[in-house]
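Here it is, the structure in full.
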Amino acid sequence: MSEYNFREVEQKWQAYWKENKTFKTKERSDKPKYYVLDMFPYPSGAGLHVGHPLGYIATDIVARYKRLKGFNVLHPMGFDSFGLPAEQYAIKTGQHPALTTDANIKRFKEQLNVLGFSYDWDKEIRTSDPSYYKWTQWIFLQLFNSYFDEEKKKARPISELPIPEGFTKEERRQYIDDRRLAYQDEIAVNWCPALGTVLANEEVIGGVSERGGFPVIRKPMKQWMMRITAYADRLLDELADVDWPESIKLSQKNWIGKSLGAEIIFKTAEGSGEIKVFSTRPDTIFGATYVVLSPEHPLVDSITTVDQKEAIEAYKEEAAKKSDLERQELDKSKTGVFTGGYVINPMTGEKIPAWISDYVLISYGTGAIMAVPAHDERDFEFATKFGLPIRQVVSEDGSEKPNIEAATPGHGTIINSGDRYNGLHSKEFIKIVIDQMEADGTGKGAINYKLRDWVFTRQRYWGEPIPVIHTEDGEVKGIPESELPLVLPEVDSYQPAEDGSSPLARNEEWVKTTDPETGKPAMRETNTMPQWAGSCWYYLRYLQPDNDKRLGDQEAIKYWSPVDLYVGGAEHAVLHLLYARFWHKVLFDLGHVSHREPFQKLVNQGMIQGTSSFVYRVKDTNTFVSYGLKGNYDVTPIHVDVNLVDKDILDIEAFKNSSPEYRDASFELEHGKYVCGAEVEKMSKSKLNVVSPDHIVSKYGADTMRMYEMFLGPLEQNKPWNTNGIDGVFKFIRKFWRLFHDGETFSISGEAPTAAEMKILHKTIKKTQDDIERLSLNTSVSGFMITVNELSSLKCNKRAILEPLTILVSPFAPHLSEELWSLLGHSTSISEASMPTHDEQYLKEDAFEYPVMINGKMRTKMTFAADAPNGDIENEVLAAEVVMKWTEGKKPKKVIIVPKKIVNIVV
RNA sequence: GCGGAUGUGGCGAAAUUGGUAGACGCACUAGACUUAGGAUCUAGCGCCGCGAGGCAUGGGGGUUCGAGUCCCUCCAUCCGCACCA
């Protein structure tokens with residue numbers, strides 16, 4: 001071949017790898033292990049776009065590199081195959097989600113294989129496969145059958161839970177159920193009517209659903225919950241043990257939202273009840289001039305007086321109707337209603353009014369606050385609006401403001417807080433006031449978290465059935481392990497019922513069962529698990545996907561854990577990555593895994609954005625005007641498929657044929673062409689800007705695609721997709737091929753390399769290794785280009801240079817490298833070769849330039865020969881000679897080359 | 001509002017510890033070889049200037065012999081979180 005034929009070569013080697021199971025992971029090995037993992041994809045109907053492979057290419061390079069470095073590498077791939085889109089498609093078409101999911105996976109795998117990834121497909125997993133979700137259900141039962149030991153700070157089997165004496169059977173059961181890590185609770189959940197399901201807090205973003213952006217309302221429902229709050233401290237503290245991006249750690253810290261403060265009791269004025277509030281500033285309690293309850297607070301009804309009842313009821317109703325989005329609108333002013341009731345400030349003994357307002361959230365703290373308008377902006381706004389008293393109790397500069405115009409939340413000297421406390425510093429007073437309240441029984445130090453327990457049920461079909469039964473007398477039991485997996489039943493429709501019950505309830509025969517312990521009739525749970533369940537632990541299943549006895553052997557888990565490198569998107573910061581850590585810690589406590597954290601090093605690959613193209617339709621017409629002319633009309637920009645656009649010029653005929661709507665459209669052109677507008681946006685089907693890798697691969701080959709995606713920029717960075725530079729990478733591939741060829745024939749010389757050639761090689765070895773180790777894969781590709789340019793200009797075709805170079809390039813361009821490797825006369829895959837090591841002696845520069853200091857004063861820079869002193873006082877003569885010019889004939893007494901490349905010469 | 005990230009030629013970007021800023025690639029210009037080339041090779045390519053030289057890493061200031069890199073401050077863009085008591 002005179003030219004590199006990537007089509008032929010890539011097919012050949014992909015077939016070879018498949019046939020020989022080249023990348024099969026060895027279960028047992030004396031080699032050190034390396035576990036490199038991608039966040040597995042949800043197999044959507046749209047197939048892969050060019051953004052998907054970015055992280056996959058990076059991990060594949062690392063996996064191939066680590067193999068060459070002598071590691072036993074686990075590099076698996078699988079599919080997060082339960083999920084909403086397949087179900088919504090099923091609702092629309094009546095087709096079973098399993099069918100569409102299978103078809104999508106098939107397409108994904110084809111697309112992945114074309115890129116030449118070195119996966120061990122024998123370890124593939126699918127979360128919707130019963131042999132997989134058997135163990136998801138098994139983990140659920142572990143959580144169900146465990147409680148959190150507050151003293152030991154760890155999960156323990158529920159059978160070891162100490163139970164107080166003297167309980168009735170019913171009380172005893174209640175006591176146990178209240179402590180399970182997976183438990184049921186009637187709570188106000190995030191209900192999304194459009195999706196027909198509840199959502200976890202983490203799935204609600206700014207009051208709308210993460211998927212689809214539909215409004216979410218609060219609705220009380222009985223739900224399965226996961227007691228993730230028990231692990232709040234460990235999830236927070238143990239972040240210190242992992243090598244993760246600071247931004248992700250911070251997101252998790254903020255989400256957990258630990259704050260230190262006090263819980264303070266305000267007794268109602270008539271003495272019948274008490275309202276607990278949480279405050280991070282108990283030192284301002286003397287400034288608490290009223291309290292505010294959330295409209296949903298359970299004490300609202302009892303504290304409300306008869307004449308305020310009507311107003312309170314109206315406000316409560318209004319609040320209940322609002323969606324979270326409406327409640328969170330910030331620019332609106334505060335609203336609220338006086339309950340008519342009063343409470344007693346425990347420190348001042350004053351009678352202060354109790355209000356309700358929706359700016360107090362039932363879901364945070366105790367659902368009630370003490371308002372200190374002088375030192376809290378929200379309270380200040382509320383107090384000003386409703387004419388409530390404002391009392392300054394902390395002074396930052398020691399003086400008291402006569403007219404308070406704004407809240408000052410800072411620390412300073414305590415004032416207006418009684419003779420006993422005035423003059424103290426507010427920070428010091430926090431401790432004192434907590435001690436005082438503890439002594440009085442009116443409050444205590446408290447820690448509060450933003451983190452809520454995880455709402456674990458979804459009213460959906462396409463998810464894991466929850467393996468519990470409800471008995472006739474209201475008891476909830478896990479099903480016996482021997483009955484797992486509890487297989488998802490067939491149903492006549494995938495539509496959730498309007499009352500919020502799951503589609504599983506439609507199969508009444510399946511729902512009816514018997515309690516295996518008593519033989520009495522029982523009902524199955526009809527809700528399913530959220531999509532996160534399967535992805536919470538999949539990294540463990542790759543170790544032994546076929547093990548039907550256990551989740552995985554202890555030995556295998558111990559050998560492979562933790563995941564050494566985990567690459568995926570940052571969008572999972574508080575979803576998958578938090579849930580997975582939580583489950584992992586529970587499994588750790590129960591002795592099923594050997595490490596506290598699942599993922600040692602995490603890297604977030606950036607998003608590859610799409611460049612959307614727009615056409616401009618004149619309002620109420622079917623006329624489209626070119627980009628430069630749109631200013632003259634009132635136009636609506638419309639997304640146009642980027643595949644109909646080449647360098648901003650629209651293919652008008654193709655556009656007309658793309659939809660009947662456009663068939664008769666007319667166009668106003670510039671210079672005979674229709675110019676489209678462009679904008680960088682997230683790549684998505686709806687924006688018509690999706691570029692599939694298939695097209696690139698067929699034009700340039702997989703190796704070029706792989707290297708080009710890396711060459712595009714730093715892995716972590718977001719970047720828009722373009723193919724502007726792809727020719728440069730394609731040229732590299734062909735140039736590299738030509739180094740091995742003399743015209744048509746493969747031609748390699750056995751001649752010994754020159755020093756210059758050796759230098760080029762060893763520089764490349766060092767650079768490649770350093771770059772891959774720190775995941776700077778873009779500079780690594782650049783390094784190869786430099787090397788090939790240099791060797792081309794030397795016309796170097798020597799085996800001693802090209803053979804190690806082929807190994808270096810192989811993680812990036814595996815197909816090309818395999819072909820060259822076999823042409824070089826090797827009969828096994830290049831992946832079984834060893835990474836060459838560099839030799840320092842070839843890396844020395846011929847000359848180097850150091851700044852020179854004379855008598856401690858910086859003068860200039862000087863060039864030294866490569867063998868010039870690089871340590872202490874040796875080789876004075878050489879350095880002295882150089883220095884003579886600068887010291888005007890004076891002879892230097894001492895030449896010192898200090899670290900940091902500064903030469904100091906004392907004359 | 002709070003927090004984080006980023007800011008370098010016409011473009012994507014390098015610069016690993018404070019030490020020749022712009023490697024490498026794209027685009028562009030000129031040339032060579034070609035019947036031809038979307039192939040290949042050679043040279044040029046930050047800005048100002050004929051030149052010597054001067055100016056340049058978002059703006060301003062500082063530390064240092066020396067700053068893209070460290071510190072302060074302002075600006076812009078992107079991404080999180082957002083009435084969290």
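What you see is a predicted model; the values in this text were computed from it and never measured. The basis for the numbers below is simple: all heavy atoms, side chains too, and nothing from hydrogens, waters or symmetry mates. Order of the sequence lines sets the chain letters (A, B, ...), proteins ahead of strands, with each chain counted from 1.
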Inter-nucleotide P distance (B/rA27, B/rU17), Å rounded:
33 Å
Sorted by number, residues from residues 782-793 of chain A placing a heavy atom under 4.0 Å from RNA chain B are A/Ser782, A/Met785, A/Ile786, A/Asn789
* Assess whether atom NZ of A/Lys385 is packed by more than 12 heavy atoms of other residues, nucleotides or ligands within 6.0 Å. => yes
Every stem of 3 or more Watson-Crick or G-U pairs under 3.5 Å that RNA chain B joins, in order of first number, is B:1-7 with B:75-81, B:10-12 with B:24-26, B:28-32 with B:40-44, B:46-48 with B:53-55, B:58-62 with B:70-74
By nearest-heavy-atom nucleotide on RNA chain B, the more 5' of A/Val574 and A/Lys450 is A/Val574
- prompt: For B/rU16, does OP1 or OP2 lie under 4.0 Å from any side-chain N or O of A/Lys766?
  reply: no
| Any side-chain N or O of A/Asn778 less than 4.0 Å from the OP1 or OP2 oxygen of B/rA14? | yes
**OP:** Using a heavy-atom cut-off of under 4.0 Å over every strand shown, decide if A/Ser776 touches base, sugar-phosphate, or nothing.
**Re:** nothing
Quote, to the nearest angstrom, the C1' distance that separates B/rG3 from B/rU8. 26 Å
Say you pick atom C1' in B/rC71 and the same atom in B/rA67; how far apart are they, in whole Å?
-> 11 Å
Margin query: Does the Lys NZ or Arg CZ of A/Arg734 fall within the cation-pi geometry relative to A/Phe730 - under 6.0 Å from the ring centre and within 45° of the axis?
Written below: yes
| query | Can a salt bridge be assigned to the pair A/Lys731 and A/Asp727 using a cut-off of 4.0 Å between side-chain N and carboxylate O? | reply | no
Query raised in the report: Which value, in whole Å, describes the distance between the P atoms of nucleotides B/rG59 and B/rG9?
Result: 10 Å
Pick base, sugar-phosphate or nothing for A/Asp376, based on heavy-atom distances below 4.0 Å to the nucleic acid. nothing
With syn meaning chi within 90° of zero and anything else anti, the base of B/rG9 is syn
Ranking B/rC83, B/rA13, B/rA82 by distance to the side chain of A/Tyr359, first place goes to B/rC83
**OP:** Pick the P atom in B/rC41 and in B/rC48, then give their distance to the nearest Å.
**Re:** 31 Å
**Report entry** Distance below 4.0 Å between A/Arg738 side-chain N/O and B/rC41 OP1 or OP2
**Finding:** yes
Legend entry - Cationic tip of A/Arg581 above A/Trp255 ring, under 6.0 Å, 45° of axis: no
In whole angstroms, the gap separating P of B/rC83 from CD of A/Glu381 amounts to 13 Å
Parallel, tilted or perpendicular, judged at 30° and 60°: which one describes the rings of A/Tyr708 and A/Phe711?
tilted
With heavy atoms under 4.0 Å as the rule, sort A/Lys735 into base, sugar-phosphate or nothing. sugar-phosphate
More than 12 heavy atoms of other residues, nucleotides or ligands under 6.0 Å from CD of A/Glu377: yes or no?
no
note: A/Leu777, atom CG; B/rC24, atom P; distance rounded to Å ~ 20 Å
Whole-Å distance, A/Lys249 NZ to B/rC79 C1', equals 20 Å
Quiz item: Using atom P of each nucleotide, how far apart are B/rA21 and B/rG53 to the nearest Å?
Solution: 15 Å
- [ ] Would you please confirm or rule out a distance under 4.0 Å between OP1 or OP2 of B/rA5 and any side-chain N or O of A/Gln717?
- [x] no
| message | Please verify the inter-ring angle class for A/Phe812 with A/Phe784; under 30° counts as parallel, over 60° as perpendicular, anything in between as tilted. | response | perpendicular
| query | Using the P atom in both, what is the distance from B/rU29 to B/rG19, to the nearest Å? | reply | 37 Å
To the nearest angstrom, the CD1-C1' distance between A/Ile369 and B/rA85 comes to 6 Å
- prompt: Quick one: does A/Thr704's side chain get under 4.5 Å of A/Phe6's, heavy atoms only?
  reply: no
To the nearest angstrom, the CG-P distance between A/Leu715 and B/rG12 comes to 19 Å
From CG of A/Asp727 across to P of B/rU40 the rounded distance in Å is 9 Å
Looking only at B/rA15, B/rA13, B/rA85, the nucleotide nearest the A/Thr779 side chain is B/rA15
Which of B/rC26, B/rA82, B/rA85 is nearest the side chain of A/Tyr364? It is B/rA85
To the nearest angstrom, the CZ-P distance between A/Phe730 and B/rA39 comes to 10 Å
Regarding the side chain of A/Asn724, the nearest nucleotide among B/rG38, B/rC26, B/rC83 is B/rC26
Using 30° and 60° as the class boundaries, would you call the ring planes of A/Phe382 and A/Trp355 parallel, tilted or perpendicular? perpendicular
Between A/Thr779 and A/Ser776: side-chain donor-acceptor atoms closer than 3.5 Å: yes
Quick note, A/Phe711 side chain, CB onward, closest among B/rC24, B/rA82, B/rA85 is B/rC24
A/Trp737 CH2 to B/rU40 P, in whole Å, measures 16 Å
Query raised in the report: Ion pair present between A/Asp233 and A/Lys258, side-chain N to carboxylate O less than 4.0 angstrom?
Result: yes
Please tell me if A/Ser251 has a side-chain N or O lying less than 4.0 Å from either OP1 or OP2 of B/rG3.
no
Would you say the side-chain atoms of A/Thr787 and A/Thr764 include a donor-acceptor pair closer than 3.5 Å?
-> yes
Considering only heavy side-chain atoms of A/Arg734, the closest of B/rA85, B/rA39, B/rC83 is B/rA39
For nucleotides B/rG7 and B/rG22, find the distance between their C1' atoms and express it as a whole number of Å.
16 Å
